[in-house]
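Here is the structure we will look at.
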There are 2 protein chains.
Amino acid sequence: MSEFDEAITTTGPGDDGAYVGALTDEWGIGEAVNGGLLMALAARATGDASQRAGGHTDTLSFSGIFLSPSSPGQIHARPTVLRTGRSMSSAEVVVTQPVDGVDVERFRALLTLGDLDRYTDTPRKSVIPSPTAPLSECMSAGDAPPSLSQSGLLKRLDLRLDPATVGWAVGAPSGHGELRGWLRLQDDREPDALSLLLALDAFPPVVFDLGSQGWAPTIEFTGYVRARPAPGWLQVRTHTDHVAGGLFNEDCTVWDSTGALVAQSRQLGAARFPAT
Amino acid sequence: MSEFDEAITTTGPGDDGAYVGALTDEWGIGEAVNGGLLMALAARATGDASQRAGGHTDTLSFSGIFLSPSSPGQIHARPTVLRTGRSMSSAEVVVTQPVDGVDVERFRALLTLGDLDRYTDTPRKSVIPSPTAPLSECMSAGDAPPSLSQSGLLKRLDLRLDPATVGWAVGAPSGHGELRGWLRLQDDREPDALSLLLALDAFPPVVFDLGSQGWAPTIEFTGYVRARPAPGWLQVRTHTDHVAGGLFNEDCTVWDSTGALVAQSRQLGAARFPAT
């Protein structure tokens with residue numbers, strides 16, 4: 001089993017409907033566990049609950065609000081199936097961790113589930129991948145400062161950034177508010193609908209390209225999975241339109257190795273900027 | 001009191017925590033009540049519940065999934081405040097309508113609430129308004145076919161579309177997947193944080209510009225309110241990046257009369273296209 005599949009595996013549902021998993025710092029970034037991994041874990045448990053209720057299993061939309069950062073240890077995902085329809089189902093999932101015997105909510109999300117095999121026709125309109133430097137010219141996590149490259153997440157992901165968008169790593173952010181690059185799992189596990197949720201939240205915060213530093217917590221995240229990805233590298237572009245009062249939107253688009261748009265997200269994040 | 005404020009007014013909370021309002025077909029479009037109005041009603045009730053719990057009242061993010069179309073009649077919004085923090089609060093709201101004595105869920109949403117007066121500094125990055133024809137050259141709802149112009153919603157809104165983006169109204173969609181125009185409330189009620197939620201979902205479905213016709217139901221909607229708007233006309237741009245398998249994303253940006261970006265949204269919708 002791949003590292004990713006192992007990390008998002010849960011047991012359940014228990015009598016209380018909860019799916020129980022275990023977080024490790026192998027997917028940590030800074031002092032938190034990567035949000036994309038948490039979303040994939042929650043989406044997988046919710047898809048299982050939906051299937052048991054006669055509903056759909058593929059996440060089409062995932063809208064979450066984040067209440068507190070997750071840490072290594074036991075994690076509980078409690079899905080509630082709200083509706084099972086002909087082509088789509090709807091569900092909510094509440095994710096908690098036990099802290100000193102009390103369940104502390106980490107995030108909750110609303111999901112629309114469906115069957116991605118229904119959405120395989122040629123798009124009427126799409127956006128082609130942003131021009132990005134070839135893999136061989138991109139910077140990898142191995143080039144990052146040890147404080148970052150030693151984080152669990154960056155050992156699990158092979159993440160390559162276009163040199164035009166990594167000036168921030170050497171104190172010279174481009175100021176455009178955009179990151180472009182490539183992504184795959186380090187153990188060569190091929191992408192699928194679940195791992196796209198990880199891909200949508202795997203890149204460094206886009207505000208690094210505007211001079212922000214340090215942790216940029218997600219307040220709200222909404223991702224859409226638009227198609228099952230082909231095997232191979234994913235191409236990723238993030239950008240921000242509006243940064244004000246310490247809040248920013250980060251829009252992410254993911255294309256598969258055939259150039260097909262397979263996932264989109266937007267998140268609202270909080271950022272700190274050094275005093276000028 | 002303005003038509004808009006009257007339409008989103010509720011009584012409550014009742015003993016069960018519910019806020020009760022009344023929908024009329026004055027805000028209808030086709031056979032449904034406009035989703036933006038429903039979201040503003042739910043956000044207002046949730047802001048009140050949050051304030052009573054010591055939390056914040058302004059909606060910063062609103063993420064909803066839509067389970068069934070709303071119709072004229074009584075409507076119940078039941079907010080739950082999940083957390084009140086120093087700078088933000090988190091809440092969920094479930095919106096139902098009684099049908100034959102049974103509560104039928106219309107939508108539910110996750111909200112982040114804050115104080116927009118904290119976010120008034122000059123943006124570090126923003127997007128300027130898209131070039132749009134001046135008001136005097138735009139098409140108004142009065143120019144629309146009676147089937148549309150007679151809908152309640154289009155009597156309440158003064159909605160003007162750039163002629164370059166209304167070819168679809170005469171059977172000649174541009175094919176770009178973009179609408180641009182202007183918006184204000186017909187009774188001259190000035191925009192505020194709540195009415196921005198209406199503005200984000202007031203335009204015709206962006207897929208009309210790609211040849212789609214008829215109702216395009218929202219599956220998921222996430223809106224961010226980024227600043228209080230100045231008085232005057234709002235400028236609105238919607239566009240789609242990816243239309244496939246009958247699903248599309250619609251991104252909306254709203255600027256106020258000073259050209260400041262004040263709100264953003266993305267929704268996942270379902271569209272029908274005529275057989276070709």
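Labels below follow one simple rule: chain letters A, B, ... track the order of the sequence lines, proteins then strands, and each chain is numbered from 1. The structure presented is a predicted model; accordingly, all values stated were derived computationally and were not measured.
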Atom of A:Leu67, atom of B:Arg83 and distance for their closest heavy-atom approach: O-NH1, 2.5 Å
Among A:Asn249, A:Val127, A:Leu111, residue most engaged with chain B (heavy-atom pairs, under 4.5 Å): A:Asn249
For A:Ser90 against B:Ile65, the heavy-atom pair lying closest together: CB-CD1, 4.1 Å
A:Ser61 to B:Leu268 - nearest heavy-atom pair and separation: CB-CD2, 4.2 Å
Note, B:Arg124 side chain near A:Val207 side chain (heavy atom, < 4.5 Å): no
A:His242/B:Thr253 under side chain to side chain contact (heavy atoms under 4.5 Å, CB included): CA gap, chis, key distance, verdict: CA-CA 11 Å; A:His242 190 71; B:Thr253 309; over 6 Å; no
A:Glu220 to B:Thr222 - nearest heavy-atom pair and separation: OE2-CG2, 3.4 Å
Among the listed options B:Phe248, B:Phe273, B:Tyr224, the residue most often paired with chain A at heavy-atom distances under 4.5 Å: B:Tyr224
Which atoms of B:Ser87 approach chain A - backbone, side chain, both or neither, heavy atom under 4.5 Å: neither
Side chain, backbone, both or neither of A:Ser265 within contact of chain B (heavy atoms, under 4.5 Å): backbone
Evaluation steps, side chain to side chain contact (heavy atoms under 4.5 Å, CB included), between A:Arg108 and B:Leu82: CA-CA 10 Å; A:Arg108 67 174 58 199; B:Leu82 302 171; 3.4 Å; yes
Verdict with supporting geometry, B:Ser63 and A:Ser63, side chain to side chain donor-acceptor pair (under 3.5 Å): CA-CA 6 Å; B:Ser63 313; A:Ser63 313; 5.2 Å; no
Engaged part of B:Ala109 at the chain A interface, taking heavy atoms whose separation is under 4.5 Å: backbone
Region of B:Ala91 that comes under 4.5 Å of a non-hydrogen atom in chain A: backbone
CZ on B:Phe66 to OG1 on A:Thr112, rounded to 0.5 Å: 10.5 Å
Minimum heavy-atom distance B:Asp251-A:Arg266, with the two atoms named: OD2-NH2, 3.6 Å
Heavy-atom proximity to chain B below 4.5 Å, by part of A:Thr120: neither
Lys/Arg N to Asp/Glu carboxylate O, B:Lys125 vs A:Asp241, below 4.0 Å: no
Minimum side-chain heavy-atom gap A:Val94-B:Glu92 below 4.5 Å: no
